[in-house]
**Q** 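So that we are looking at the same thing, I have put the structure below in structure tokens.
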Amino acid sequence: MPSLFTKNRARSLANKAVREQNALSERVLCPDCQRESDKQLIVQEQYLCPYCGHHFPVGAYFRLNSVLDDGSMKELDEDLTADDPLQFPDYPKKLEAARLKSGLNEAVVTAVGAIGGYKCVVGVMDSRFMMGSMGTVVGEKITRAVEYASSHRLPLILFCASGGTRMQEGILSLMQMAKTSAAISRFSEKGLLYISVLTHPTTGGVTASFASLGDIILAEPGALIGFAGQRVIEDTIHQKLPEGFQRAEFQQSHGFVDQVVPRNQMRQTLTRLLALHQKESTGDRDQRRGGLFGSSLGALSVRVVNAVGDGKSQNSQTQSAASGRRRSSLSGEEKLLIARHWKRPGVQDYIDGLFTEFFECRGDRQSREDMSILGGIALYHGVPVTVIGTRKGKTLEEKMKCNFGMPGPEGYRKALQLMKQAEKFHRPVITFIDTTGAYPGIEAEEKGQGEAIARNLMEMSSLQVPVISVVTGEGNSGGALALGVADRVLMQENSVYAILSPEGFASILWKDSSRSGEACDAMKMTAQDLLELGVIDEIVPEPEGGAHEDPEKAVAMLEETLYPQFTSLIRQSGSRLAESRYQKFRKMGRP
């Protein structure tokens, strides 16, 4: 039974949310579809237009009431209020008017609570208070919330809504950008989760500080997100901005937002993310690394045995080893044709078949979302992992969106960001390689294609988490290796892995691309060749005729090989993994 205190706390939050609702007119006009709706209907829909889904601004307490578990909220620093540090004319009057209008002491409310049963610290900015501008008190409250989450080892969620820094507090307001960012840096060093949710509007100094520093960045549909305002941009460069410029969907396509999430799905999404990070955000880092990521190893080993059977798993390894020793009856060119078959399972098929609770993360946080790299967080038999793979697409439309599986520098930077995040949260990394190579275009060169690949090779070599790479189709050049610096490299028996495509090889070496078939054998690109050369660690058997003949069976056969490798690696410490990986590649090609 909930205590009287808990009931009173829930009632207090609900009452504050109701007061915010009362500020609405009885009839509300949607600015998008120009249709009127009854106030109560709008409120019931979480301030969404029932006709077009437009997201109306919401008050801080309403948002807290909609995402937090009933009775779980404890407000932090409720009585902290701003003074007038610069003695700015009429500023005290503006503050008082904002308090009366919004019912808030400042433009942010911070609290401890729970979402889906997961305890966390939540901050909500409210644009009704001086456009949510960040003055010294907003910066202080957010910093204190970050420090509270850090000291109690709790996840942090900040809902951002701001016009930027507060003009009336001048340079002191500007300094809050550095102050909040420094607090986030210390928080992140502890390996804790920070989710930033960008709502309408998120601009100026808030965008250029804590709002853009989340491990996961979500946004509400249609939210204005940017640094400089549209009017400032147009007045400065004297150009008409494109439709949808700086909106949430624009920012997602340009690599700055992981997912655009409707408000009525936000609580569910946050619960999923907190669940995926729950095992990673508690306990001591070194203890987790030294023991198998906590006590879950024994449980995982039991699940592995139950899932595939001890004898079956051993039989799979025996079959795989045997397939490596015997020479295939297929030529290199024939294997290449199978590896390129248009029905061959891709990264999405393996994600669907091997993992649960997959949450896709998008963007490189610099310029673009590269769809040729698919990545995110998932559970592998209950253990959180980071999954990354090259994506070719199935239909012509998908292939064009995915650039036919040829990543640009943005794709490799997205992959690296995910891998570094995996290291922060102690998640094993599993990559899937199927690419003809990195995209060889003018724009890719201008944006640093070579540097992006080089950075991945360097950073992957020293990751202190297990890394397993699986070549599932065609793996060509540095564009494939950028996902392949791994503790274990597995390769499906009909896949190929080479310095570049056979056509390119023949063209460069013999000045005759028609000799690509001859090149297939000369390059030693088959799984059997590469096992003998020590480039890969294990061959994954395929259904007769190739993985495309029975995709479900292909997934199951891969899982049988992946299980023992995974359980072996997660028993090792991070430092040992990094050193072993270094020595593994150090020996390659040594005379």
**Q** Hey, is R362 close enough to D370 for a salt bridge, meaning N to O under 4.0 Å?
**A**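 No.
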**Q** Does T207 have any side-chain contact (heavy atoms from CB on, under 4.5 Å) partners at least two apart in sequence or in another chain, and if so, which?
**A**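 Expected list: T202, S212.
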**Q** Taking it one step at a time, do I468 and L490 satisfy side chain to side chain contact (heavy atoms under 4.5 Å, CB included)?
**A** CA-CA 8 Å; I468 300 176; L490 313 181; 4.2 Å; yes
**Q** Using 0.5 Å steps for rounding, measure from the CZ atom of R63 to the CZ atom of R267.
**A**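 Going from CZ on R63 over to CZ on R267, the span is 14.5 Å.
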**Q** If I compare all heavy atoms of C120 with all of I157, which pair ends up nearest, and what's the gap?
**A**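 Of all heavy-atom pairs spanning C120 and I157, the closest is SG-CD1, 4.2 Å.
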**Q** According to ring-ring contact (aromatic ring centres under 6.0 Å, His included), who are the partners of H54, at least two apart in sequence or on a separate chain?
**A**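 Per chain and number, H54 pairs via ring-ring contact (aromatic ring centres under 6.0 Å, His included) with F56.
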**Q** For S133, which residues count as a side-chain contact (heavy atoms from CB on, under 4.5 Å) partner, sequence neighbours excluded?
**A**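 Per chain and number, S133 pairs via side-chain contact (heavy atoms from CB on, under 4.5 Å) with M130, R166.
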**Q** Mind checking whether Q366 and E410 have side chains closer than 4.5 Å, heavy atoms only?
**A**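 No. Closest side-chain heavy atoms not under 4.5 Å.
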**Q** Roughly how far, to the nearest 0.5 Å, is CG of L562 from CG of L354?
**A**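 Here the rounded value is 6.5 Å.
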**Q** Is there a side chain to side chain contact (heavy atoms under 4.5 Å, CB included) between C30 and S37 once you walk through the steps?
**A** CA-CA 8 Å; C30 175; S37 301; over 6 Å; no
**Q** Which atoms form the tightest heavy-atom contact between Q176 and G139, and what is the distance?
**A**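 Between these two residues, the closest heavy atoms are OE1-CA, 3.5 Å.
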**Q** Determine whether I184 and V146 make a side-chain contact, defined as any pair of heavy atoms from C-beta on separated by less than 4.5 Å.
**A**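 Side chain of I184 against side chain of V146, heavy atoms only: contact under 4.5 Å found.
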**Q** Side-chain donor-acceptor pair under 3.5 Å between Q421 and K424, yes or no?
**A**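 No - no donor-acceptor pair under 3.5 Å links their side chains.
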**Q** Check whether any side-chain heavy atom of P384 lies under 4.5 Å from a side-chain heavy atom of L276, and answer yes or no.
**A**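 SC-SC contact between P384 and L276 ruled out.
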**Q** Keeping the roles fixed (side chain from E220, backbone from P262), state whether a donor-acceptor pair exists under 3.5 Å.
**A**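 Side chain of E220 to backbone of P262, a donor-acceptor pair under 3.5 Å: no, none is there.
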**Q** Tell me, yes or no, whether the heavy-atom count around K420 atom NZ, taken from other residues, nucleotides or ligands under 6.0 Å, exceeds 12.
**A**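 It does: K420 NZ has more than 12 such atoms within range.
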**Q** Take L218 and I195 through the test side chain to side chain contact (heavy atoms under 4.5 Å, CB included) and record every step on the way to the result.
**A** CA-CA 7 Å; L218 309 177; I195 302 173; 4.2 Å; yes
**Q** Has the side chain of Q265 got a donor or acceptor atom that lies under 3.5 Å from a matching backbone atom of V261?
**A**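 Answer holds: no.
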**Q** Test side chain to side chain contact (heavy atoms under 4.5 Å, CB included) on V112 and L76; report intermediate values, then the result.
**A** CA-CA 7 Å; V112 182; L76 301 173; 3.9 Å; yes
**Q** Residues in side-chain contact (heavy atoms from CB on, under 4.5 Å) with M131, at least two apart?
**A**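 By the side-chain contact (heavy atoms from CB on, under 4.5 Å) rule, M131 matches P201.
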**Q** In Å, rounded to the nearest 0.5 Å, how long is the span from OG1 of T269 to CG of L273?
**A**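 The CG atom of L273 is 7.0 Å from OG1 of T269, to the nearest 0.5 Å.
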**Q** Under 3.5 Å, is there a donor-acceptor pair between the side chain of S209 and the main chain of G205?
**A**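 At least one qualifying donor-acceptor pair exists.
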**Q** Are the side chains of I225 and T203 in contact, using a 4.5 Å heavy-atom criterion?
**A**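 The answer is no, as the side chains (C-beta and beyond) never meet within the 4.5 Å cut-off.
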**Q** Report yes if the side chains of V109 and L64 come closer than 4.5 Å at any heavy-atom pair, otherwise no.
**A**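 The answer is yes; the side chains approach within 4.5 Å.
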**Q** Give a yes or no on whether a salt bridge exists between K141 and D77, defined as a side-chain N under 4.0 angstrom from a carboxylate O.
**A**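 Result for this pair is no, no salt bridge flagged.
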**Q** Ignoring hydrogens and geometry, is there a side-chain-to-backbone donor-acceptor pair from D126 to G59 under 3.5 Å?
**A**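 Here the side-chain-to-backbone pair does not exist.
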**Q** May I ask you to check whether over 12 heavy atoms, not counting those of E360, lie within 6.0 Å of atom CD?
**A**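 It does: E360 CD has more than 12 such atoms within range.
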**Q** According to ring-ring contact (aromatic ring centres under 6.0 Å, His included), who are the partners of F358, at least two apart in sequence or on a separate chain?
**A**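 If we apply the ring-ring contact (aromatic ring centres under 6.0 Å, His included) test to F358, skipping adjacent residues, there are no hits.
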**Q** So how far is it from F432 CZ to I388 CD1, rounded to the nearest 0.5 Å?
**A**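 Going from CZ on F432 over to CD1 on I388, the span is 11.0 Å.
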**Q** Say whether, by atom type as modelled, one donor and one acceptor occur between the side chain of S102 and the main chain of A98 under 3.5 angstrom.
**A**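 At least one qualifying donor-acceptor pair exists.
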**Q** Heavy-atom distance under 4.5 Å between the side chains of L558 and V470, does that happen here?
**A**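 Touching, per the 4.5 Å side-chain cut-off.
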**Q** Considering residues at least two apart in sequence or located in another chain, which fulfil the side-chain contact (heavy atoms from CB on, under 4.5 Å) criterion with R581?
**A**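 Scan of R581 (side-chain contact (heavy atoms from CB on, under 4.5 Å), adjacent residues dropped) gives L463, V467, V485, D487, L577, F585.
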**Q** Show your reasoning for whether salt bridge (Lys or Arg N to Asp or Glu O under 4.0 Å) applies to E78 and K16.
**A** CA-CA 13 Å; E78 182 176 3; K16 289 178 178 179; 3.2 Å; yes
**Q** Out of K414, Q251, H254, Q252, which one pairs with E369 under the side chain to side chain donor-acceptor pair (under 3.5 Å) rule?
**A**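 Output: one option passes, namely K414.
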**Q** Spell out, as yes or no, whether a donor-acceptor pair under 3.5 Å connects the side chain of S372 to the backbone of R391.
**A**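 No, S372 side chain to R391 backbone: no donor-acceptor pair under 3.5 Å.
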**Q** Are D258 and R365 close enough for a salt bridge, meaning some N to O gap below 4.0 Å?
**A**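 Salt bridge present between D258 and R365.
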**Q** For atom CZ of R576, is the number of surrounding heavy atoms from other residues, nucleotides or ligands below 6.0 Å larger than 12?
**A**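 Result for CZ/R576: open.
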**Q** Can you confirm whether the side chains of R427 and H277 place a donor and an acceptor under 3.5 Å from each other?
**A**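 Checked: R427/H277 side chains pair up, N/O donor to acceptor below 3.5 Å.
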**Q** Below 4.5 Å, heavy atoms only, C-beta onward: do V385 and L379 meet side chain to side chain?
**A**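 No, side chains not in contact.
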**Q** Could you tell me if Q46 and R263 have a donor-acceptor pair between their side chains, going purely by distance under 3.5 Å?
**A**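 Q46 and R263 do not have a side-chain donor-acceptor pair below 3.5 Å.
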**Q** Looking at every heavy atom in both C160 and V206, which two are closest together, and how far apart are they?
**A**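 What the structure gives for the nearest pair is CB-CG1, 4.3 Å.
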**Q** Can you see which heavy atom on G222 is nearest to which on A248, and at what distance?
**A**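 Result for this residue pair: N-CB, 4.1 Å.
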**Q** Tell me whether T110 contacts the main-chain N or O of I142 through its side chain, where contact means a donor paired with an acceptor under 3.5 Å.
**A**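 Not at all, since once roles are kept as given, no pair shorter than 3.5 Å links the two residues.
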**Q** Considering only NZ, NE, NH1 and NH2 on the basic side and carboxylate oxygens on the acidic side, decide whether E140 and K179 come within less than 4.0 Å.
**A**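 K179 and E140: salt-bridged.
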**Q** Please name the pair of heavy atoms, one in G116 and one in D69, separated by the smallest distance, quoted to 0.1 Å.
**A**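 So the two residues come closest at N-OD1, 2.9 Å.
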**Q** With a 6.0 Å cut-off (strictly less than), is the heavy-atom count around NZ of K101, excluding the residue itself, greater than 12?
**A**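 Counting neighbours around NZ of K101, 12 or fewer heavy atoms of other residues, nucleotides or ligands fall under 6.0 Å, so no.
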**Q** For G346, does its backbone N or O pair with a side-chain atom of D349 as donor and acceptor, under 3.5 Å?
**A**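 The answer is yes, because a donor-acceptor pair under 3.5 Å joins these two groups.
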**Q** Has the side chain of Y194 got a donor or acceptor atom that lies under 3.5 Å from a matching backbone atom of F210?
**A**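 Yes, because the side chain of Y194 sits within donor-acceptor range (under 3.5 Å) of the backbone of F210.
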**Q** I want to check something: taking the side chain as every heavy atom from C-beta on, are H55 and T199 in contact at a cut-off of under 4.5 Å?
**A**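 Not in contact.
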**Q** Is it true that E147 and R144 make a salt bridge, defined as a side-chain N closer than 4.0 Å to a carboxylate O?
**A**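 Looking at E147 and R144, the cut-off is not met.
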**Q** Got a second to check how far Q268's CD is from I115's CD1, nearest 0.5 Å?
**A**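 Answer rounded to 0.5 Å: 13.0 Å.
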**Q** For K39, look at atom NZ and say whether over 12 heavy atoms of other residues, nucleotides or ligands are found less than 6.0 Å away.
**A**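 Check passes, neighbour count above 12.
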**Q** Report the C-alpha distance between E75 and Y61 in whole Å, list the side-chain angles of each, state the deciding distance to 0.1 Å, and finish with yes or no for side-chain hydrogen bond (donor to acceptor under 3.5 Å, both in side chains).
**A** CA-CA 10 Å; E75 191 166 349; Y61 289 109; 3.1 Å; yes
**Q** Rounded to the nearest 0.5 Å, how far does CZ of F256 lie from CG of D364?
**A**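 Taking CG in D364 and CZ in F256, the distance rounds to 7.0 Å.
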**Q** Looking at I216 and C361, what are the two nearest heavy atoms and their distance?
**A**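 Nearest heavy atoms, I216 then C361: CD1-SG, 3.8 Å.
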**Q** Is a side-chain donor or acceptor of S173 paired with a backbone partner of M134 at a separation under 3.5 angstrom?
**A**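 Yes, S173 side chain to M134 backbone: donor-acceptor pair under 3.5 Å.
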